Amino acid sequence: MKFVDEAVITVEAGKGGNGCMSFRREKYIPRGGPDGGDGGDGGSIFFEADENLNTLIDFRFTRHYSSDNGKNGTSRNCTGPKGEDLVLKVPVGTTIIDTDTEEILADMTEIGQLEKVAQGGFHGLGNTRFKSSVNRAPRQTTKGSMGEIRNLKLELKVLADVGLLGLPNAGKSTLIRAVSAAKPKVANYPFTTLVPNLGVVRIEQERSFVIADIPGIIEGAAEGAGLGIRFLKHLARNRLLLHLVDMAPWDDVTPAQAAEVAVNELTKFSATLSEQPRWLVLNKLDMVTEEEREERCQAVIDALDWKGPVYRISALSKQGTDEMMRDIQMFLDKRLEAIEEDPSIIDQEQAIREKVDTEARERVERMRAEMRARREADNLDDDDFDDDDYDVEVEYVRE
């Protein structure tokens, strides 16, 4: 099974049924008059957010969807049946965009949310509708109108309160395993995480939040290197970002250099996203000698000119993780209290999210255009280039 977070489809709502032209013809009822019925409305197309789905894979195999047409009216003033509506189910967190107008039609953020994206055609009128005192035998009818046709792009972004940012092997998956019941793959080599993982952190019985781990980014990710560019957009919905830095790197890159790479790639991807609340998490300190710990930590702080919160932890031994999780819960609780006092904060956050979405979409499209241009310059067959190649053949598991 593939984790697919983007799909392009076409939806076509049903056509309205035509009105009927008919006159009543019964024994002993001369000049019965018009009795042509109206047509039925065409079926509309809806999207519904389904908590049981976690990928857009089905929309990669079927690209065109249409609802039923309305039936024509018949004699005896019988209205034609309405076309059946089509309800397409998508994962929670899916954004639906009209590719022709770049308009965001719906943002499916709640379980069971139902949104209409294509209106079915309206019914035509039968000749009975045109009867009047001066027109006893009307021969006018109208045809049903066509349903809306839309070219749509579906974008899936995982819903989480906290997102983890960092280079490969920074310990993001280990942290999720340490603080939640999620069990993402962990190994002593980079790029073990190929798709987003979600975990629920429960502080108390009624206090919990969701944390998301995405594949690590590498230098040059904004130009198409690695997998991180594809998944950075999943951080757009997070309330808080945790920037994990490996304090005991396996290669020659220093922790300070690794921290700068992650921040630079995040800024290139979306300047607005890089300005959102972010905490610095210095991980794997249990693998650093006591003599070197403070020096390495201070080097990272100085390199980033960091002024925000800093946490020194070891995800593997759970050193410092409990305190950090409690502080995160307090941060999220304060946000909810602020929203209760000033509901306009939600509108402000939505505006920021839309701006991040726009910047991310532009960055991804620009990257794909640059990759196509390089392929053409190298005289490679464009048929060999397929966006589906970027889908990773692993199962997306939500713990």
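Computed from a prediction, not measured in an experiment: that's the story for all the values here.
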Donor-acceptor under 3.5 Å (R60 side chain, E6 main chain): yes
I'd like to know whether CZ of F59 has more than 12 heavy-atom contacts from other residues, nucleotides or ligands below 6.0 angstrom. yes
Output the distance between atom CZ (F269) and atom CD (E359), rounded to the nearest 0.5 Å. 9.5 Å
Is the shortest heavy-atom distance from the side chain of P91 to the side chain of L56 under 4.5 Å? yes
Looking only at atom types and distance, does a side-chain atom of Q276 sit under 3.5 Å from a main-chain N or O of T272, one as donor and one as acceptor? yes
Specify the closest pair of heavy atoms between V8 and R63, including all atoms of both residues, with the distance to one decimal. O-CD, 3.4 Å
Joint hydrophobic cluster, V263 plus L273, side-chain heavy atoms closer than 4.5 Å: no
Are more than 12 heavy atoms, taken from residues, nucleotides or ligands other than E102, located less than 6.0 Å from that residue's CD atom? yes
Rounded at 0.5 Å granularity, tell me how far NZ in K89 sits from CE in M108. 11.5 Å
Check whether N238 reaches the backbone of A160 with its side chain - one donor and one acceptor, N or O, closer than 3.5 Å. yes
Going only through I, L, V, M, F, W and Y residues with side-chain contacts under 4.5 Å, is there a path from V261 to L280? no
Can you find a side-chain donor-acceptor pair between S314 and Q319 that sits under 3.5 Å? no
Could you check if a side-chain atom of E349 sits within less than 4.5 angstrom of a side-chain atom of R239, using non-hydrogen atoms only? yes
Take V179 and M324 through the test side chain to side chain contact (heavy atoms under 4.5 Å, CB included) and record every step on the way to the result. CA-CA 10 Å; V179 300; M324 183 171 65; over 6 Å; no
Roughly how far, to the nearest 0.5 Å, is CG of D41 from OG of S67? 11.0 Å
Sidechain N-carboxylate O distance under 4.0 Å for K284, D246: yes
Search all heavy atoms of F331 against all heavy atoms of P277 and return the closest pair with its distance. CZ-CB, 4.0 Å
Going by an N to O cut-off under 4.0 Å, is there a salt bridge joining K71 and D68? no
Determine whether V90 and L156 fall in the same hydrophobic cluster, where Ile, Leu, Val, Met, Phe, Trp and Tyr are linked whenever their side-chain heavy atoms lie under 4.5 Å apart. yes
Roughly how far apart are D58 CG and L88 CG, rounded to 0.5 Å? 10.5 Å
Heavy atoms from other residues, nucleotides or ligands near CZ of R207 exceed 12 (cutoff 6.0 Å): yes
Any heavy-atom pair between the side chains of N127 and K131 that's under 4.5 Å? no
Quick one: do E275 and K355 make a salt bridge, cutoff under 4.0 Å? no
More than 12 heavy atoms of other residues, nucleotides or ligands under 6.0 Å from CD of E295: yes or no? no
Decide side chain to side chain contact (heavy atoms under 4.5 Å, CB included) for I97 and E155; before the verdict, give the C-alpha distance in whole Å, the side-chain angles of both, and the deciding distance to 0.1 Å. CA-CA 8 Å; I97 305 163; E155 292 184 350; 3.8 Å; yes
From CA spacing to verdict: side chain to side chain contact (heavy atoms under 4.5 Å, CB included), F47, L105: CA-CA 10 Å; F47 279 91; L105 302 179; over 6 Å; no
Could you tell me whether the side chain of F130 reaches within less than 4.5 Å of the side chain of T142, counting heavy atoms only? yes
Count the heavy atoms belonging to other residues, nucleotides or ligands that lie under 6.0 Å from CG of L316, then report whether that count exceeds 12. no
K143, NZ atom: more than 12 neighbouring heavy atoms under 6.0 Å: no
Heavy-atom side-chain proximity of I328 to I203 below 4.5 angstrom: no
Heavy-atom neighbours of Q257 CD exceed 12 at 6.0 Å: yes
Any donor-acceptor pair under 3.5 Å linking the side chain of N72 with the backbone of G80? no
Same cluster or not: I211 versus Y311, using hydrophobic residues (I, L, V, M, F, W, Y) connected whenever any side-chain heavy atoms lie under 4.5 Å apart? yes
Return the CG to CD1 distance between D213 and I176, rounded to the nearest 0.5 Å. 4.5 Å
Would I96 and F46 show up in the same hydrophobic cluster when neighbours are defined by side-chain heavy atoms closer than 4.5 Å? no
Heavy atoms only: give me the nearest A49-E110 pair and the separation to one decimal. CB-O, 3.2 Å
Is any side-chain heavy atom of C297 closer than 4.5 Å to one of L285? yes
Less than 4.0 Å between a side-chain N and a carboxylate O, is that true for D35 and R24? no
With respect to R278, which candidate in L165, L240, L242 satisfies the side-chain contact (heavy atoms from CB on, under 4.5 Å) definition? L165
Of all heavy-atom pairs linking S66 and L86, the shortest is O-CD2, 3.7 Å
Checking side-chain contact (heavy atoms from CB on, under 4.5 Å) between T128 and each of D38, N77, T141, which is the one that passes? N77
Do the non-hydrogen side-chain atoms of I45 and R150 ever get within less than 4.5 Å of each other? no
Under a 3.5 Å threshold, yes or no: a donor from one side chain and an acceptor from the other, between T10 and N151? yes
To check you understand the geometry: which heavy-atom pair defines the closest contact between V245 and P255, and what is its length? CG1-O, 3.5 Å
Apply side chain to side chain contact (heavy atoms under 4.5 Å, CB included) to residues K116 and D85 and explain how you reach the verdict. CA-CA 10 Å; K116 182 190 293 185; D85 294 331; over 6 Å; no
Would you compute the distance between atom CZ of R353 and atom CD1 of I104 and round it to the nearest 0.5 angstrom? 10.5 Å
Is the closest side-chain heavy-atom distance between L125 and H123 below 4.5 Å? yes
Quick check: closest heavy atoms across A13 and Q119, and the distance to 0.1 Å? CB-O, 3.3 Å
